[in-house]
Student: 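Before I ask anything, let me first share the structure, which is written out below as structure tokens.
The shown structure was predicted, so the numbers you read here are calculated from the model rather than taken from an experiment. In what follows, chains carry the letters A, B, and so on, assigned in the order in which the sequence lines appear, proteins first and then strands, with residues in each chain numbered from 1.
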Amino acid sequence: GAVVSQHPSRVICKSGTSVKIECRSLDFQATTMFWYRQFPKKSLMLMATSNEGSKATYEQGVEKDKFLINHASLTLSTLTVTSAHPEDSSFYICSARDAGGRYYEQYFGPGTRLTVT
Amino acid sequence: AQTVTQSQPEMSVQEAETVTLSCTYDTSESDYYLFWYKQPPSRQMILVIRQEAYKQQNATENRFSVNFQKAAKSFSLKISDSQLGDAAMYFCAYRSPSFGNEKLTFGTGTRLTIIP
């Protein structure tokens with residue numbers, strides 16, 4: 001089956017620093033990737049849609065200057081949390097859409113737990 | 001905008017018994033996809049089952065089946081012969097069929113506990 005990886009799985013950073021999270025589709029090409037945020041015991045909230053070779057589309061209320069998304073290739077999208085603050089601590093999940101699949105299925109990465117101290 | 005509602009924050013079931021998780025949604029679209037995802041303690045999202053709205057037949061995947069009532073905008077998940085490994089958060093999700101608009105809208109989730 002299709003596999004999506006995320007790196008790192010856990011990261012702790014100091015307030016004011018930036019942190020980059022990578023999302024890779026390992027065995028398929030993903031023209032579109034999605035970034036979600038999940039608070040403890042809550043549902044997934046879509047932050048942005050990342051399209052290869054073009055600017056990401058952000059959901060209402062998501063600061064595009066704070067959450068920088070780069071989808072530079074058909075297998076890699078990155079999310080950079082800039083000038084991180086404790087309120088950015090959360091679980092971040094990416095998914096990748098299989099452009100070759102019948103249902104344009106989304107496959108999820110294992111998530112990245114970000115802790116800002 | 002589409003909305004997805006899961007009215008059961010928590011459910012529990014005895015091992016080997018059957019449990020049904022509820023989901024309702026609101027949309028003005030006539031064609032769409034509905035999904036149930038499972039999120040175990042590892043936090044990895046796993047697709048359980050998919051239903052295409054234009055299909056009247058309810059989807060089934062082994063012990064998992066759905067009751068899709070399009071007019072009522074209801075999409076429940078039935079888990080038969082519950083197993084300890086079924087313990088997880090279950091999310092109902094909606095997706096438009098349109099190419100370029102495949103974002104998922106999730107419900108708030110139902111935490112399922114399996115009682116040995």
Student: Identify which part of B:Leu47 has an atom lying under 4.5 Å from any heavy atom of chain A, answering side chain, backbone, both or neither.
Tutor: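 Contact with chain A: side chain only.
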Student: Starting from A:Tyr36, can I reach B:Val4 by hopping between I/L/V/M/F/W/Y residues whose side chains sit under 4.5 Å apart?
Tutor: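 No, because B:Val4 and A:Tyr36 fall into different hydrophobic clusters, even though each may have its own neighbours under 4.5 Å.
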Student: On a heavy-atom basis, which atom in B:Arg43 and which in A:Ile93 lie closest, and how many Å separate them?
Tutor: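 In this case the closest contact between B:Arg43 and A:Ile93 is O-CD1, 4.5 Å.
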Student: What pairs with B:Arg63 under side-chain contact (heavy atoms from CB on, under 4.5 Å), at least two apart in sequence or on another chain?
Tutor: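 Checked B:Arg63 against side-chain contact (heavy atoms from CB on, under 4.5 Å); matches are B:Ile79, B:Asp81, B:Gln83, B:Asp86.
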Student: Return yes when atom NZ of B:Lys78 has more than 12 non-hydrogen atoms of other residues, nucleotides or ligands closer than 6.0 Å, and no otherwise.
Tutor: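 No, because the 6.0 Å sphere around NZ of B:Lys78 holds 12 heavy atoms or fewer from other groups.
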Student: With a sphere of 6.0 Å drawn around CD of A:Glu87, does it hold more than 12 non-hydrogen atoms of other residues, nucleotides or ligands?
Tutor: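 Atom CD in A:Glu87 is crowded, with more than 12 foreign heavy atoms closer than 6.0 Å.
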Student: Let me check something: do B:Leu84 and B:Ile46 share a hydrophobic cluster, defined by ILVMFWY side-chain heavy atoms less than 4.5 Å apart, either directly or through other members?
Tutor: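 The answer is no; the residues belong to distinct hydrophobic clusters.
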Student: Among all residues two or more places apart in sequence or in another chain, which pass the side-chain contact (heavy atoms from CB on, under 4.5 Å) test with A:Lys14?
Tutor: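 Listed in chain order: A:Thr17, A:Thr117.
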Student: Is A:Gln38 close to chain B through its backbone or its side chain, or both, or neither, when contacts mean heavy atoms under 4.5 Å?
Tutor: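 The answer is both parts of A:Gln38.
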Student: Are there over 12 heavy-atom neighbours, none belonging to A:Lys66, within less than 6.0 Å of that residue's NZ?
Tutor: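 It does: A:Lys66 NZ has more than 12 such atoms within range.
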Student: For chain B, which residues from residues 45-53 of chain A have at least one heavy atom closer than 4.5 Å to it?
Tutor: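 Expected list: A:Leu46.
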Student: Side chain, backbone, both or neither: which part of B:Gln6 has an atom under 4.5 Å from a heavy atom of chain A?
Tutor: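 No part of B:Gln6 comes within 4.5 Å of chain A.
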Student: Drop me the distance from A:Arg97's CZ to B:Lys103's NZ, to the nearest 0.5 angstrom.
Tutor: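 If we round to the nearest 0.5 Å, A:Arg97:CZ and B:Lys103:NZ are 14.5 Å apart.
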Student: Would you say that A:Lys42 contacts B:Thr108 through its side chain, given a criterion of any heavy-atom pair below 4.5 Å between the two side chains?
Tutor: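 Answer no - side chains too far apart.
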Student: Closest approach of B:Phe106 and A:Ser43, non-hydrogen atoms and distance?
Tutor: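 Closest pair (atom of B:Phe106, atom of A:Ser43, distance): CB-OG, 3.3 Å.
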Student: Linking I/L/V/M/F/W/Y whenever their side-chain heavy atoms sit closer than 4.5 Å, directly or via other members, would B:Val48 and B:Phe35 fall into one cluster?
Tutor: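 Different clusters.
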Student: Counting only heavy atoms from other residues, nucleotides and ligands, does the tally under 6.0 Å from NE2 of A:His85 exceed 12?
Tutor: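 Enclosed.
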Student: For the residue pair A:Lys41 and B:Met89, establish whether any side-chain heavy-atom pair is separated by less than 4.5 Å.
Tutor: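 No - every pair of side-chain heavy atoms lies 4.5 Å or more apart.
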Student: Taking B:Tyr37 as the starting point, is it possible to reach B:Leu34 by hopping between hydrophobic residues whose side chains are less than 4.5 Å apart?
Tutor: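 Unlinked, B:Leu34 and B:Tyr37 end up in two clusters.
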Student: Applying a heavy-atom distance below 4.5 Å, give me the residues of residues 70-78 of chain A that approach chain B, sorted by number.
Tutor: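 Within residues 70-78 of chain A, no residue comes under 4.5 Å from chain B.
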Student: Against chain B, label A:Tyr107 side chain, backbone, both or neither, depending on which of its atoms sit under 4.5 Å from a heavy atom there.
Tutor: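 It is neither, since no heavy atom gets under 4.5 Å.
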Student: Is there a path of hydrophobic side-chain contacts, each under 4.5 Å between heavy atoms of I/L/V/M/F/W/Y residues, joining A:Leu79 to A:Leu44?
Tutor: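 Result: no, two separate clusters.
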